[in-house]
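Down below is the structure, laid out as structure tokens.
In this text the structure is predicted, and so the values were computed from the model without any measurement.
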Amino acid sequence: EPVETKMMGTQSPLSLKEDDMKLMLAAKTHIGSRNCNKKMTEYVWTRKVEGSHVINIGKTWEKLMLAARIIVAIENPADVIAVSGTQNG
């Protein structure tokens, strides 16, 4: 069941579901670095005592869904490329 359904009573096919959230937490997509620039502050949920930032999974999901919608709209799949900003990406 989508998280929004429990919280706000709304449901969307693209909404963050509990299973999706569990997978994102297991993949540690919420773990940020100690560094945080001004543009990233809106995506930070909190900061741990040791200094690393915890990223807002809901906002991460929104950006993933936006990217997915853009990719799906591209006619030629050969025109799509994924680039990582880190070695582990």
Side-chain angles (χ1 to χ4, degrees):
E1 182 173 343
V3 174
E4 287 98 9
T5 301
K6 292 179 182 177
M7 293 181 194
M8 297 179 286
T10 61
Q11 186 174 4
S12 164
L14 300 178
S15 63
L16 178 59
K17 295 173 182 59
E18 190 172 344
D19 288 342
D20 296 323
M21 186 185 315
K22 287 179 182 178
L23 288 170
M24 290 176 75
L25 288 169
K28 299 183 181 179
T29 60
H30 64 294
I31 304 297
S33 68
R34 291 177 185 239
N35 299 328
C36 181
N37 65 30
K38 188 176 180 179
K39 291 181 181 179
M40 278 301 294
T41 55
E42 69 178 285
Y43 301 102
V44 173
W45 181 62
T46 190
R47 186 174 185 169
K48 292 184 177 183
V49 175
E50 77 274 0
S52 62
H53 293 87
V54 178
I55 307 300
N56 183 320
I57 290 180
K59 289 190 178 190
T60 301
W61 184 261
E62 289 174 9
K63 294 298 181 180
L64 280 170
M65 292 302 100
L66 175 62
R69 292 175 74 179
I70 292 168
I71 291 168
V72 169
I74 297 173
E75 289 183 34
N76 183 2
D79 292 336
V80 178
I81 185 169
V83 178
S84 173
T86 66
Q87 290 180 335
N88 300 329

### Message
Are more than 12 heavy atoms, taken from residues, nucleotides or ligands other than Glu50, located less than 6.0 Å from that residue's CD atom?
### Response
yes

### Listed partners of Ser33 passing side chain to side chain contact (heavy atoms under 4.5 Å, CB included), at least two apart
Asn35

### Query
Can you hop from Tyr43 to Leu64 via hydrophobic side chains spaced under 4.5 Å?
no

## Note on the structure
Shortest non-hydrogen pair, Gly32 vs Ser52, comes out as O-CB, 3.8 Å

### Query
Nearest 0.5 Å, what's the CD1-CE distance between Ile55 and Met40?
4.0 Å

### Query
Which residues, ordered by chain and number, are linked to Val80 in its hydrophobic cluster, where ILVMFWY side chains connect at heavy-atom gaps below 4.5 Å, directly or through other members?
Ile71, Ile74

#### Entry: For Ile81, the rest of its hydrophobic cluster, which grows through side-chain links under 4.5 angstrom
Val83

### Message
As an exercise, state the distance from OG1 of Thr41 to CZ of Arg47, rounded to the nearest 0.5 Å.
### Response
12.5 Å

#### Entry: Residue pair Lys48 / Ile31, side-chain heavy-atom distance below 4.5 Å
yes

### Message
So Trp61 and Met24, do their side chains get closer than 4.5 Å, heavy atoms only?
### Response
yes

